[in-house]
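Comments concern the structure below.
Sequential numbering from 1 along the given sequence is applied to the chain's residues.
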Amino acid sequence: MNLFLVLLSYLITLVAVTLFIVKAREIYSLIKRGQPDPTRGANKGRRFAWMTHEILTHTKMTRFSPSGFAHWFVMVGFVALFGSLVQAYGEVITPTFKLPLIGNWIVYRGFVILIAGLTGVGIIVLIKVRFWNMWFRKGRKNRFLGSVTWRGLYVELTILAVVVCVFILQFAKNDNVIRWTAAIKICVSMAWFIVLALNLTMGVAWHRFLAPFNIFFQRNPDKRSSLGAVPEMLSHGKPINFEDPSEDDVFGIGKAADISWKGLLDMASCTECGRCQSQCPAWHTDKPLSPKLLIMAMRDHALTKVESDAPMSSVISPDVLWSCTSCGACVQECPVDIEHVDHIMNMRRYQVLVESEFPTELGSTFRNLEKAGNPWGASRNDRDAWIAECDFPVRVIEGQIPDDVEYLFWVGCAGAYEERAKKTTKAVAELMHMAGVSFGVLGKRETCTGDPARRAGNEFLYQILSRENIETLKEVFGPRGVKKVVVTCPHCFTTIGRDYGQQGFELEPIHHTQLLNELVKTKKLVPVPPTETKSITYHDPCYLGRHNQIYQPPRELLESTGVTIAEMPRNQERAFCCGAGGGRMWQEEKLGSRINMNRVDEAIGTGAQEIAVGCPFCRVMISDGVTGRAADVEVLDVAQALLRTVKTSN
């Protein structure tokens, strides 16, 4: 019997290790076949430092307490208990075998018992979290909905079995018990490797080996999330020249072979944990899009058909693709740094540029952008009409910006044409005027930044609009070194501040809440709180918050006006989207319930008298939602809240 246990343990190890090596090479080969992406290799030192920090501190995982902390102990146990597995190979032969040097050291034994105990507690917590979601959080509230349940449970039960074996081996005195337990520990561990090797799409297990690489090769070599600018459109590893594209250029993702190697690594690393799904506004309003299910579908398709011509549309339906608001909540939450939004943008690019298939409403939006330079199709001559409504001077810059003008005020399409957004434009201009800030506007020379086109997949139109603006801005700023631009729209803020950098043009954008907050701090604007304190709740715009990490200036500004801020349950990094991003502003919301109504219900639930925003798109969506609910709540921009108190002081 002893010989049987020895042979069984060593033979299953030989099979498991051989199979794992073969399949690890296969998955490496599959990922390597993806399209080249040379943007991932720079700053290796910073990348390694951040990867190490992310793994050791579990920065994203611990946002979901206690499961995040439980996972940390399980991760530590996976590495720290390796010595107990090595020792088991000796114990199955000689029950008294101990690791050389440290095996009989009481400190090491204590360490093994401690780690095994914490790992056991951690895995029990994770099993409890899984069953709690499955049993008590029904339907879409269950973040594991759609995940392959047996895979997660198999991994968790394997770890639990290993922990039990470790404890038995530490305290057992009977030789047969030690031999059998050591053999069971080896077989359970090696069976895990065999199951892993036979399931290349089993990310819940493969992520132990792939996630560190995925974190290392994330878009930014530091703690910044993979949000903000939409990545350049690459073909064969080089940016596409839209003025003279090559015949073999790849426009976005149309089939598995079009996915970059980093995209394939993303998909292979997915653990199906559902954190992305739990935060997705589309999913929470009964739409077909789940970031988790999208990545799983792409993974199951791509890792089996890397060199196939099978279209991606066969697994990702148009309703899924166009439900995304590009809010970035999925990317923000993903513990292994999967870049869901980028994959969606690339699939949209293919659908628009190659297939010419997109929601019908976007057709008129694209035409308006092309002909009128704004998504509403309003006359270019009316872009500076708001100036006539001001009772203070607003300088329109005709040629190069004068030396005495510190800021260019980028008004944006919404700020120039949309009636509610124009109130923000005029409030910001008046506050800068009152503070003595020297600024000017471009007037009719301004055109759309291209954000709606780019986030809706029309990269060609974006290139036209962005180049037109860049030429204008180069002419305006001339040789000036620091190019300061005040922006009220977070979408414009992101596009001109980050996307334009891909074309070698750098600006120093500042959101109006940042500038106004600084003016208050330096006493250039002095708000006088009213005698009757109002309660106000602040809605974080996705493109100001998650995409650019600007959370405190708007809140500090509101606090300076003397209001009481009643935070919504979902705020700052966990803020719920208004529903307008990713080109959704110009599309009908026909599926599920309305995203803006979901957010408005949350805002009304705080009992606040007013809802403050810092984005013109958010203002439209929130205002429409309040009207739809017939609620007695006012929606206003943070700048307006400041203006009324500053006017009082004057």
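- Scanning for ring pair (Phe, Tyr, Trp, His ring centres under 6.0 Å) contacts around F144 gives an empty result, with sequence neighbours left out.
- Side-chain contact between M312 and V315: present, with at least one pair of heavy atoms (C-beta onward) separated by less than 4.5 Å.
- In this structure, the side chains of T39 and P231 stay at 4.5 Å or more apart for every pair of heavy atoms.
- Judged by distance alone, with hydrogens and angles left aside, the side-chain atoms of R151 form no donor-acceptor pair with the main-chain N or O of V204 at under 3.5 Å.
- For F73, the side chain to side chain contact (heavy atoms under 4.5 Å, CB included) partners at least two apart in sequence or on another chain are L118.
- Taking OG1 of T59 as the start and CG of L56 as the end, the distance is 9.5 Å to the nearest 0.5 Å.
- Taking the side chain as every heavy atom from C-beta outward, M347 and L294 approach each other to under 4.5 Å.
- R47 places a side-chain N or O within 3.5 Å of a backbone atom of R40 that can act as its donor or acceptor partner.
- You'll find the side chain of R224 stays beyond 4.5 Å of the side chain of R219, heavy atoms only.
- Between E573 and Q549, the closest heavy-atom pair is OE2-OE1, 3.8 Å.
- Residues Q502 and V230 have side chains not in contact (no heavy-atom distance under 4.5 Å, counting atoms from C-beta outward).
- Taking every heavy atom of both residues into account, T57 and H53 meet most closely at OG1-O, 2.5 Å.
- Ring pair F209/W206 is perpendicular by interplanar angle, where above 60° counts as perpendicular and below 30° as parallel.
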### K141 and N133: CA distance, side-chain angles, deciding distance, side chain to side chain donor-acceptor pair (under 3.5 Å) verdict
CA-CA 8 Å; K141 292 182 179 179; N133 272 271; over 6 Å; no
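- In this structure, K60 pairs ionically with D337, as a charged nitrogen and a carboxylate oxygen lie closer than 4.0 Å.
- Taking all atoms of both residues into account, the shortest heavy-atom contact from S323 to L591 is OG-CD1, 4.3 Å.
- Using a 4.0 Å cut-off between charged side-chain N and carboxylate O, R299 and E272 make a salt bridge.
- Here the side chain of R546 pairs no donor or acceptor atom with the backbone of D540 at under 3.5 angstrom.
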### Query
Going through the distances and angles, do M345 and S326 end up as a side-chain contact (heavy atoms from CB on, under 4.5 Å)?
CA-CA 9 Å; M345 292 298 115; S326 71; 4.2 Å; yes
Compile the donor-acceptor pairs under 3.5 Å between side chains in residues 122-130 and protein atoms, sequence neighbours left out, one pair per line.
residue	atom	partner	partner atom	Å
R130	NE	E156	OE1	3.1
R130	NE	E156	OE2	3.1
R130	NH2	E156	OE2	3.1

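- With D342 contributing its side chain and E339 its backbone, the two residues share no donor-acceptor pair below 3.5 Å.
- In this model, a donor atom of one side chain and an acceptor atom of the other lie less than 3.5 Å apart for N548 and T494.
- Taking CZ of F213 as the start and NE2 of H207 as the end, the distance is 14.0 Å to the nearest 0.5 Å.
- In this structure, F78 places its CZ atom where more than 12 heavy-atom neighbours from other residues, nucleotides or ligands lie under 6.0 Å away.
- In this structure, the side chain of S260 engages the main chain of G263 through a donor-acceptor pair within 3.5 Å.
- Under a 3.5 Å cut-off, the side chain of H236 and the backbone N or O of D248 do form a donor-acceptor pair.
- For the atom pair CD1 (I113) and OG (S84), the distance works out to 11.5 Å, reported to the nearest 0.5 Å.
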### Message
Between Y10 and Y89, does the ring pair (Phe, Tyr, Trp, His ring centres under 6.0 Å) criterion hold? Intermediate values first, please.
### Response
CA-CA 8 Å; Y10 280 81; Y89 283 97; 5.3 Å; yes
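- Heavy-atom minimum distance, E355 versus Y350: OE2-OH, 3.0 Å.
- Not a single donor-acceptor pair under 3.5 Å links the side chain of N199 to the backbone N or O of M202.
- Here R599 contributes atom CZ and C578 contributes atom SG; the two are 9.5 Å apart, rounded to the nearest 0.5 Å.
- Using a 4.0 Å cut-off between a side-chain N of Lys or Arg and a carboxylate O of Asp or Glu, R555 and E567 qualify as a salt bridge.
- Pairs engaging residues 256-299 under the ring pair (Phe, Tyr, Trp, His ring centres under 6.0 Å) rule: F217-W261 [sequence neighbours left out].
- Here the shortest heavy-atom pairing between C273 and R143 reads O-NH1, 2.6 Å.
- Side chain of D258 to backbone of K255: a donor-acceptor contact under 3.5 angstrom is found.
- Ion pair D222/R46 flagged as a salt bridge, since at least one NZ, NE, NH1 or NH2 atom sits closer than 4.0 Å to an Asp/Glu carboxylate oxygen.
- Using a 4.5 Å heavy-atom threshold, the side chains of H58 and M75 count as touching.
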### Message
Using the rule given for side chain to side chain donor-acceptor pair (under 3.5 Å), can you reason through D266 versus N214, listing the C-alpha separation, both sets of side-chain angles and the distance that settles it, and then say yes or no?
### Response
CA-CA 6 Å; D266 266 1; N214 208 46; 3.0 Å; yes
Can you list, pair by pair, the side-chain donor-acceptor contacts under 3.5 Å of residues 20-32, counting residues two or more places apart and other chains?
residue	atom	partner	partner atom	Å
K23	NZ	E26	OE1	3.1

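- Within a 6.0 Å sphere centred on CG of L198, other residues, nucleotides and ligands contribute more than 12 heavy atoms.
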### Query
Where do R349 and E357 land on the salt bridge (Lys or Arg N to Asp or Glu O under 4.0 Å) test, with the steps shown first?
CA-CA 10 Å; R349 283 166 162 170; E357 293 182 0; over 6 Å; no
### Task
For R584 and C324, run side-chain contact (heavy atoms from CB on, under 4.5 Å): C-alpha distance rounded to whole Å, both residues' side-chain angles, the deciding distance at 0.1 Å, then the answer.
CA-CA 8 Å; R584 291 295 319 173; C324 179; over 6 Å; no
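- One N or O on the side chain of R348 and one on the backbone of L321 form a donor-acceptor pair closer than 3.5 Å.
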### Message
Run R275 and K292 through side-chain contact (heavy atoms from CB on, under 4.5 Å) and show every step you take.
### Response
CA-CA 8 Å; R275 284 169 170 80; K292 177 188 72 178; over 6 Å; no
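- Of the inter-residue distances, the one linking K185 atom NZ with Q87 atom CD reads 9.5 Å to the nearest 0.5 angstrom.
- Remark: K238 does not engage D249 in a salt bridge, criterion side-chain N to carboxylate O under 4.0 Å.
- The minimum heavy-atom distance linking C577 with I595 is given by the pair O-CG2, 3.3 Å.
- To the nearest 0.5 Å, the span separating CD1 on I186 from SG on C165 amounts to 10.0 Å.
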### Message
Is there a side-chain contact (heavy atoms from CB on, under 4.5 Å) between F216 and W50? Walk through the geometry before answering.
### Response
CA-CA 7 Å; F216 180 88; W50 177 247; over 6 Å; no
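- Put simply, the side chain of F82 reaches to within 4.5 Å of the side chain of V86, judged on heavy atoms.
- K287 has no carboxylate O lying under 4.0 Å from a charged side-chain N of D319, or vice versa, which leaves the two without a salt bridge.
- Taking the six-membered ring for Trp and thresholds of 30 and 60 degrees, H547 and Y543 have nearly parallel ring planes, at less than 30 degrees apart.
- Residues passing the side chain to side chain contact (heavy atoms under 4.5 Å, CB included) test with A182 are A88, E91, V92, L169, sequence neighbours excluded.
- Between P281 and C327 there is a side-chain heavy-atom pair separated by less than 4.5 Å.
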